[in-house]
Each structure stands twice: as C-alpha cells, then as structure tokens.
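Here the structure comes first, spelled out in structure tokens, and everything after it is commentary.
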Amino acid sequence: MTDYKEKIADYWNWRSTTYHEEFSDLIKEEMEVWKKTLSEYIPEGKTIRAAEIGTGPGVLALALADLGHSSTGVDLSEEMIKKAAKRAEELGIDAKFMQGDAENLSLDDGAYDLVISKYLMWTLPHPEKFLEECRRILSPGGTLVLIDGVWFNEADKEPEPDSETYFEECYQDIKEALPLCKGNTADKVTEIAAEHGFSDASWQSLSDYDKFLREHSSQEDYAASYPAPPYIISARKPC
C-alpha cells in the first residue's frame with residue numbers, strides 16, 4: 001500500500017503545476033462560486049474551524065479563509081501544498097496548508113466544525129478509512145461535505161500503447177485497488193457516508209460550479225473532463 005501512495009503522490013506532484021494553472025486567472029471568481037456554495041453548510045453569523053482534505057490548489061480552503069473562518073488544507077502531494085501556500089501568500093489570505101495522508105490524518109480529535117474534500121474519494125485505496133478520520137476530527141454535530149464526480153465512464157478501456165500518458169503510467173497498476181475509481185456515483189458515495197456513521201446524508205448537483213466550468217472551458221475540454229456534472233454530498237456527525 002505504501003507503494004500505491006508513493007505512486008499517487010508522484011503523479012500529483014507532477015500534475016501540480018498544470019492543476020494550479022487551471023482557471024488561475026479566474027481564481028477570485030472561482031472563489032466567489034465556492035463561497036456561495038459552502039456558505040449553505042455554515043450557520044449564519046458563526047465563525048467555524050474548517051479542514052479541506054485533498055486540497056490540491058487550495059481553492060476551497062482559501063475561499064473559507066477569505067470568509068473569515070479558520071481554514072486548513074491538507075494534501076498528500078508536497079508540491080500541491082507548496083503551491084497552495086504560495087497562492088495564499090499572493091492573495092493575502094490567512095489559510096494554513098500541510099502535507100498529510102487523508103486516510104491517516106495528523107489532526108486533532110473533534111477539532112473541526114466542517115470537513116470538506118473535492119475530487120478526493122476516487123483516489124483513495126481505503127475511502128472508508130478517510131470517512132472514519134473525518135468522523136474523528138469533526139466536532140459533534142459537525143458537517144462533512146464531499147465534492148466529486150463520475151470521472152471514468154470508460155475506465156475499463158485500456159489505452160492505446162502510443163497514447164499512454166503519465167497518468168496511466170502511475171495509475172495502471174493502482175486502479176483496481178481504488179474502490180471508487182469506477183462508478184463513484186452520488187448515490188453510491190452518499191450511501192457509503194451513511195454506512196460509516198454519518199447522519200442526514202444527501203446530495204445535489206453542483207449547478208453553480210458546473211455553470212462556471214462550462215462558461216470557462218471549451219466544449220471539448222468540458223466533455224473530456226466531466227462525463228457527468230460534479231455533485232456535492234453533505235452529512236453530519238451525530239452529536
């Protein structure tokens with residue numbers, strides 16, 4: 001399993017540069033979309049402690065910090081964390097970023113009112129361990145928000161030899177060990193969250209973010225990246 005994590009980290013370290021460049025000139029507009037979306041899960045007038053696990057470019061963690069909340073972003077990729085921290089500094093936003101494993105977090109029990117992830121679940125060898133960690137670090141009554149999508153509608157199709165990418169090089173031996181790499185529908189992930197001790201689990205389409213993506217992507221790029229619109233799941237840790 002350690003070898004799997006090393007390969008996953010290698011890929012996202014390599015991918016960090018292009019990942020951070022996506023919509024980089026629209027960062028403030030994207031943050032406004034996420035502020036509106038995430039505010040629905042935060043009690044009005046309350047300042048919360050939030051953690052974004054699998055933070056990548058850190059956009060959600062930055063949006064929450066810019067709203068005045070205590071915000072920490074965690075990612076397995078050291079390069080993702082470095083770039084997210086640099087972006088926070090450039091924007092003058094007080095958000096904390098740290099390297100860590102979503103399935104074994106170095107975060108305190110009950111320390112967060114909101115735990116979020118974006119496009120993370122499909123990458124995990126043991127998503128149930130991640131959910132257990134989320135439940136551990138959430139305060140009683142705290143909110144879990146999972147943002148994801150169905151990415152590999154042709155996941156069983158082997159790439160042609162001359163079109164093999166670095167993604168395939170890193171993931172070709174890992175995919176079968178990732179339970180949510182294929183078929184990670186909103187209904188399926190919502191059910192898994194409920195099975196692992198979360199209450200009031202439900203989902204909806206990310207209509208505002210999907211609109212942002214469509215407006216700022218070519219039809220070809222959108223179709224290639226999003227076989228289906230992304231979704232957002234929310235659930236609570238019982239008091």
Side-chain angles (χ1 to χ4, degrees), residues 4 7-34 36-37 52-63 75-77 79-80 83-84 87 102 116-125 127 145-190 203-233:
Y4 286 168
K7 288 184 177 180
I8 291 169
D10 284 346
Y11 174 75
W12 292 107
N13 281 330
W14 172 81
R15 181 75 167 84
S16 66
T17 298
T18 54
Y19 208 92
H20 276 259
E21 289 173 351
E22 291 176 2
F23 308 123
S24 61
D25 56 336
L26 299 166
I27 180 65
K28 292 185 178 179
E29 182 178 343
E30 184 178 1
M31 284 171 57
E32 289 302 317
V33 174
W34 288 116
K36 178 182 176 182
T37 298
E52 183 189 8
I53 313 302
T55 192
V59 179
L60 277 67
L62 291 169
D75 203 281
L76 184 66
S77 164
E79 290 302 316
M80 285 286 194
K83 291 180 173 65
R87 174 172 280 171
I116 58 177
S117 72
K118 177 173 177 273
Y119 304 169
L120 172 70
M121 294 283 281
W122 76 267
T123 72
L124 300 176
V145 170
L146 306 172
I147 297 162
D148 223 312
V150 178
W151 308 115
F152 302 107
N153 57 349
E154 295 184 274
D156 290 322
K157 183 179 178 180
E158 292 296 325
E160 299 295 330
D162 60 355
S163 68
E164 189 165 276
T165 65
Y166 189 58
F167 173 83
E168 291 297 339
E169 182 180 330
C170 291
Y171 273 87
Q172 62 183 345
D173 297 326
I174 302 176
K175 283 183 179 180
E176 295 303 319
L178 306 179
L180 295 177
C181 183
K182 306 172 187 176
N184 57 324
T185 64
D187 285 334
K188 181 176 182 179
V189 179
T190 302
W203 72 272
Q204 59 182 313
S205 294
L206 271 172
S207 55
D208 286 346
Y209 187 57
D210 189 55
K211 180 181 178 182
F212 170 85
L213 292 170
R214 290 178 183 274
E215 287 178 349
H216 300 295
S217 307
S218 68
Q219 287 186 335
E220 293 79 8
D221 287 345
Y222 178 89
S225 298
Y226 295 91
Y231 56 78
I232 185 166
I233 296 167

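Heavy atoms only: backbone and side chains are in, while hydrogens, waters and symmetry mates are out.
With a 4.5 Å cut-off on side-chain heavy atoms, Leu178 and Pro125 count as touching. In this structure the side chain of Asp148 never reaches within 4.5 angstrom of the side chain of Val189, judged on heavy atoms. Between Trp34 and Lys118, some side-chain heavy-atom pair lies under the 4.5 Å cut-off. Between Leu60 and Val145, the closest side-chain pair of non-hydrogen atoms is not below 4.5 Å. In this structure, Leu124 and Leu180 have side chains that are not in contact, with every pair of non-hydrogen atoms separated by 4.5 Å or more.
Here the OH-OG distance, from Tyr11 to Ser16, works out to 10.5 Å after rounding to the nearest 0.5 Å. With rounding to the nearest 0.5 angstrom, the CD1 atom of Ile232 is 6.0 Å from the OG1 atom of Thr37. Atoms CG and CD1, on Leu120 and Ile53 in that order, are 8.0 Å from each other to the nearest 0.5 Å. Atom CD1 of Ile27 is separated from atom CZ of Arg87 by 4.0 Å, given to the nearest 0.5 angstrom. Of the inter-residue distances, the one linking Arg214 atom CZ with Asp221 atom CG reads 13.0 Å to the nearest 0.5 angstrom. Taking CG of Asp75 as the start and OG1 of Thr55 as the end, the distance is 6.5 Å to the nearest 0.5 Å.
Across every non-hydrogen atom of Ser117 and Leu146, the tightest pair is OG-CD2, 3.4 Å. The minimum heavy-atom distance between Ala63 and Met31, with the atom names listed, is CB-O, 3.9 Å. Minimum heavy-atom separation, Lys83 to Thr17: CE-OG1, 3.5 Å. Nearest heavy atoms, Ala61 versus Glu52: N-OE1, 2.9 Å. Of all heavy-atom pairs spanning Trp203 and Asp187, the tightest one is NE1-OD1, 2.8 Å. Shown here for Lys182 and Lys188, the closest heavy-atom pair between the two residues is O-NZ, 4.0 Å.
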task: Evaluate the side chain to side chain donor-acceptor pair (under 3.5 Å) criterion for residues His216 and Glu30: first the C-alpha distance (whole Å), next the side-chain angles of each, then the deciding distance (0.1 Å), finally the verdict.
output: CA-CA 10 Å; His216 300 295; Glu30 184 178 1; over 6 Å; no
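Shown here is Gln219, whose CD atom has no more than 12 heavy atoms of other residues, nucleotides or ligands within 6.0 Å.
Put simply, the residue from Pro230, Ser225, Pro229 that forms a side-chain contact (heavy atoms from CB on, under 4.5 Å) with Leu213 is Pro230.
Applying the ring-ring contact (aromatic ring centres under 6.0 Å, His included) test to Tyr226 and every residue at least two apart in sequence or in another chain returns Trp151, Tyr222. Considering only residues two or more places apart in sequence or on other chains, Trp122 meets the side chain to side chain donor-acceptor pair (under 3.5 Å) condition with none of them. Judged as a salt bridge (charged side-chain N to carboxylate O under 4.0 Å, His left out), and not counting sequence neighbours, the contacts of Asp208 are Lys36.
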